[in-house]
Structures are given as C-alpha cells and as structure tokens.
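Okay, so here's the structure we're looking at.
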Amino acid sequence: MEETEARAGGDLKWSRETIPKVLRIVGTRLPQRDLISLLLVSPWIHRTLVSCSSLWLVLDFRETNNAGNRLVAALSLDIEDKHLDLLKTKCLDSLQELESLNLNVCQKISDRGVETITSACPKLKVFSIYWNVRVTDIGMTHLVKNCKHIVDLNLSGCKNITDKSLQLIADNYPDLELLNLTRCIKLTDGGLQQILLKCSSLQSLNLYALSSFTDEAYKKISLLTDLRFLDLCGAQNLSDQGLCCIAKCKNLVSLNLTWCVRVTDVGVIAIAQGCTSLEFLSLFGIVGVTDKCLEALSRSCSNMITTLDVNGCIGIKGRSRDELLQYFPYLRCFKVHS
C-alpha cells in the first residue's frame, strides 16, 4: 500500500515538475503537427503546452481537412468560424503575441471568422488566407482595423475581394513588403494603382493569372524601388511600354513574364539594361522575342542569371548547353524552345 502511494506520489511529481521542464526544452524544436499530437497525451502535457505562449507564435492550419481533427480533439477546434471563436476564448493570451497566421485552403472561414481571429491578434505581421472564396472586402475591413502591423499578406485565390480591399490595404499598410494577389479576378487598374502609389516598401508582388490590368497600372510598378520579386505571368495587356517602366526597378532579382504575349525584344532589352541584378527570368511562350534580347541579357546580366526560360520563344534559335553557358556562365536551369 505504502509502495503504491509512493509510486503515485512520484508520478504526480513527475507530471507537475518534470514534464513542463522537458517540454519547454524540446517544444521549440518540434513541428507544430507533433505539438498538436502531444496535446492529446495527458492533461499535464496539454496544460503545459497551451500555457507556453512562445510555442504558438505561428499557427499553420493550411490544408488541415482530416489532419485537423487532432487539433479539434485537443482544443475543441475545427477550421470554421465557430471554432475560431473557441480558439479566441481558450487561447487569448497566446494569440495576443501571435505574429504569423496561415489559414490557407480553410474554405469554411468567412468574414466573421476573420473578424474573430484578427481581433485577438494585434501583433500579427503575416496573414495568409490562400484560396478562400467566402472572404470579401468586409473581411479585409476587419483585418486592417484589428492588425496594424501586417508586412506579408497573401490573398491568392480570394476571388471575392475587390478594389475596395486594395484601397484599405494601401491606406493602412504603407510598410507592406510582400503581397500576393494571384487570381483575385475582381481587381482593376484603379485598385492596383493605389497599392503601387502608397505601398512603396513592397519587395515582392505576385500578380499571377490576372489579365485585367493594363499598362496604366503596370507603368506605376516603377515606383517600387525596393521590388525584388515580380510575377506577371499571363499579363496579356502588358506591352513594351509598360515593361520599359518596370525596367526602372533596378533591384529586381526575379521576373516572370510567362505568356506576356504583347512583349517584344524592345521591352526585354530594356529589362536587361535596367535590371542588372536579375537572377530568374521567364519569357515562356512569348513569340515576339528573338536572339537580340538574349544578346542584350548576356551583355548586362550574364554574371547574375541562373535561371532562364525561353521555351516557346520561336524567334530564339535552339542552343546547346555549352553555347548557352557562353552567354550565361552561371546558368543552372534553362529551358529552350526546340
């Protein structure tokens, strides 16, 4: 009897004193999925992990359809509006310190869910809600009201946001550094221009699969003097005139011009002369470019370019690996039309 009580007392001491110490040491090294699994092991571990706010500075719920059930079981959560309410109730202290929130592919979250979670995260800097068709301008209104320090914003695939959202972002996040607007199909030149005029600190701008913009907006990309990454894949209205303005972004490192079908040698030569730090360039599918632009790139960017895609550029003659390396000695990845 005494031995049993002593063993029980030792287990209790282990649970109360040793488990918290061990978890605080190893917790910072474990992937979040493993941390979520540990929540289910025992009440002691659950209490210790939830109380350690440093472990929950980043919440990553992307694509948690079935895997998210573990988190549901642990904290009575699911990735719906009602469960964000519960998250706010149960973990408010930790959320107050949260800096990064990933809700990618959580398609059941609506504007109300965005309001709930952002109202608890005043220090949020990174917000990603990729491929959510329920969130609208109302959700963005809640975001800018509740989170004043956003520098990285991913709205890729949020097809129901409009220029109003871009106006809100432009007015509230002048220090924004990364913005992804991929497939936000309701946007127009007017909204994009507000971003380009007011978010002058942008370093990365993703406008992938947006064919509605024109040179009126593209020309103002030249205002982004710190821009390093620019994705214009599918920019069907981009002309050489617009591209010549973009060439003023002298710090560009990566430029995707895939299927920019109106572009010719004139625009690419301007890029070669202006963006001499270019490391990645895709001209995939542009039939209006020839060997002239390749020669210009070789003269200005040969010591920088490591990735070059001219597949589908029928005006550029096929070259062997050795021939391409004479143009670009540091080239590691290249795709050439054949």
Side-chain angles (χ1 to χ4, degrees), residues 151-152 154 156 177-182 196 200-210 218-219 221-235 238-338:
V151 295
D152 185 342
N154 184 356
S156 175
E177 296 178 0
L178 294 91
L179 179 62
N180 190 335
L181 299 174
T182 293
L196 300 175
S200 58
S201 297
L202 274 175
Q203 298 177 21
S204 175
L205 180 61
N206 196 329
L207 303 177
Y208 181 97
L210 292 172
Y218 293 133
K219 289 176 182 177
I221 292 177
S222 63
L223 299 173
L224 305 179
T225 56
D226 294 327
L227 195 64
R228 294 174 56 82
F229 174 95
L230 179 61
D231 193 332
L232 296 175
C233 176
L238 175 66
S239 72
D240 289 331
Q241 193 174 14
L243 199 54
C244 287
C245 292
I246 292 172
K248 297 177 183 178
C249 299
K250 298 186 180 300
N251 292 311
L252 265 184
V253 172
S254 177
L255 178 60
N256 187 357
L257 297 176
T258 295
W259 293 119
C260 293
V261 293
R262 294 183 60 194
V263 167
T264 72
D265 285 336
V266 174
V268 179
I269 290 172
I271 288 292
Q273 294 172 344
C275 305
T276 55
S277 297
L278 211 57
E279 297 177 10
F280 172 98
L281 177 64
S282 175
L283 304 175
F284 183 101
I286 304 179
V287 298
V289 295
T290 70
D291 285 343
K292 290 181 180 179
C293 75
L294 211 61
E295 293 164 1
L297 287 165
S298 175
R299 288 193 296 270
S300 302
C301 309
S302 62
N303 291 328
M304 300 301 295
I305 287 186
T306 59
T307 303
L308 178 63
D309 188 349
V310 292
N311 192 24
C313 301
I314 58 177
I316 296 178
K317 71 177 184 180
R319 287 176 172 79
S320 67
R321 175 188 176 93
D322 290 339
E323 288 177 314
L324 274 171
L325 287 175
Q326 289 179 3
Y327 277 91
F328 308 103
Y330 296 98
L331 206 61
R332 295 197 300 266
C333 178
F334 45 87
K335 298 179 181 179
V336 182
H337 179 77
S338 58

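Since we're looking at a predicted model, the values are computed, not measured.
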Would you compute the distance between atom [atom1] of [X] and atom [atom2] of [Y] and round it to the nearest 0.5 angstrom?
{"X": "Leu232", "Y": "Leu205", "atom1": "CG", "atom2": "CG", "result": "7.5 Å"}
{"X": "Leu178", "Y": "Gln203", "atom1": "CG", "atom2": "CD", "result": "6.5 Å"}
{"X": "Ile314", "Y": "Asn311", "atom1": "CD1", "atom2": "CG", "result": "12.0 Å"}
{"X": "Asn154", "Y": "Thr182", "atom1": "CG", "atom2": "OG1", "result": "7.5 Å"}
{"X": "Leu179", "Y": "Leu207", "atom1": "CG", "atom2": "CG", "result": "7.5 Å"}
{"X": "Leu223", "Y": "Lys248", "atom1": "CG", "atom2": "NZ", "result": "9.0 Å"}

Just so I know, are the side chains of [X] and [Y] near enough to count as touching, which here means a heavy-atom distance under 4.5 Å?
{"X": "Leu227", "Y": "Ile246", "answer": "no"}
{"X": "Leu257", "Y": "Leu238", "answer": "yes"}
{"X": "Asn206", "Y": "Phe229", "answer": "yes"}
{"X": "Thr306", "Y": "Leu331", "answer": "no"}

Which donor-acceptor pairs under 3.5 Å do the side chains of residues 269-289 make with protein atoms, sequence neighbours left out?
| unit_1 | atom_1 | unit_2 | atom_2 | d |
| --- | --- | --- | --- | --- |
| Ser282 | OG | Thr258 | OG1 | 2.7 |
| Ser282 | OG | Phe284 | N | 3.4 |

Checklist line | Donor-acceptor pair, side chain of Asp240 and main chain of Thr264, under 3.5 angstrom | finding: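 Yes.
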
Next item on the list: Quick one: list whatever passes side-chain hydrogen bond (donor to acceptor under 3.5 Å, both in side chains) with Asn251, sequence neighbours left out.
Entry: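 None.
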
Might you point out which heavy atoms bring [X] and [Y] nearest each other, and give the distance in Å?
{"X": "Leu294", "Y": "Tyr327", "result": "O-CD2, 4.1 Å"}
{"X": "Cys249", "Y": "Leu224", "result": "SG-O, 3.7 Å"}
{"X": "Ala235", "Y": "Tyr218", "result": "CB-OH, 3.2 Å"}

Note to self: Around atom CD of Glu295, are there more than 12 heavy atoms from other residues, nucleotides or ligands closer than 6.0 Å?
What the structure shows: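 Yes, CD of Glu295 has more than 12 neighbouring heavy atoms, counting only those of other groups under 6.0 Å.
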
Note to self: Checking Phe328 now: which residues fulfil ring pair (Phe, Tyr, Trp, His ring centres under 6.0 Å) with it, not counting sequence neighbours?
What the structure shows: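 Phe328 satisfies ring pair (Phe, Tyr, Trp, His ring centres under 6.0 Å) with no residue once adjacent residues are dropped.
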
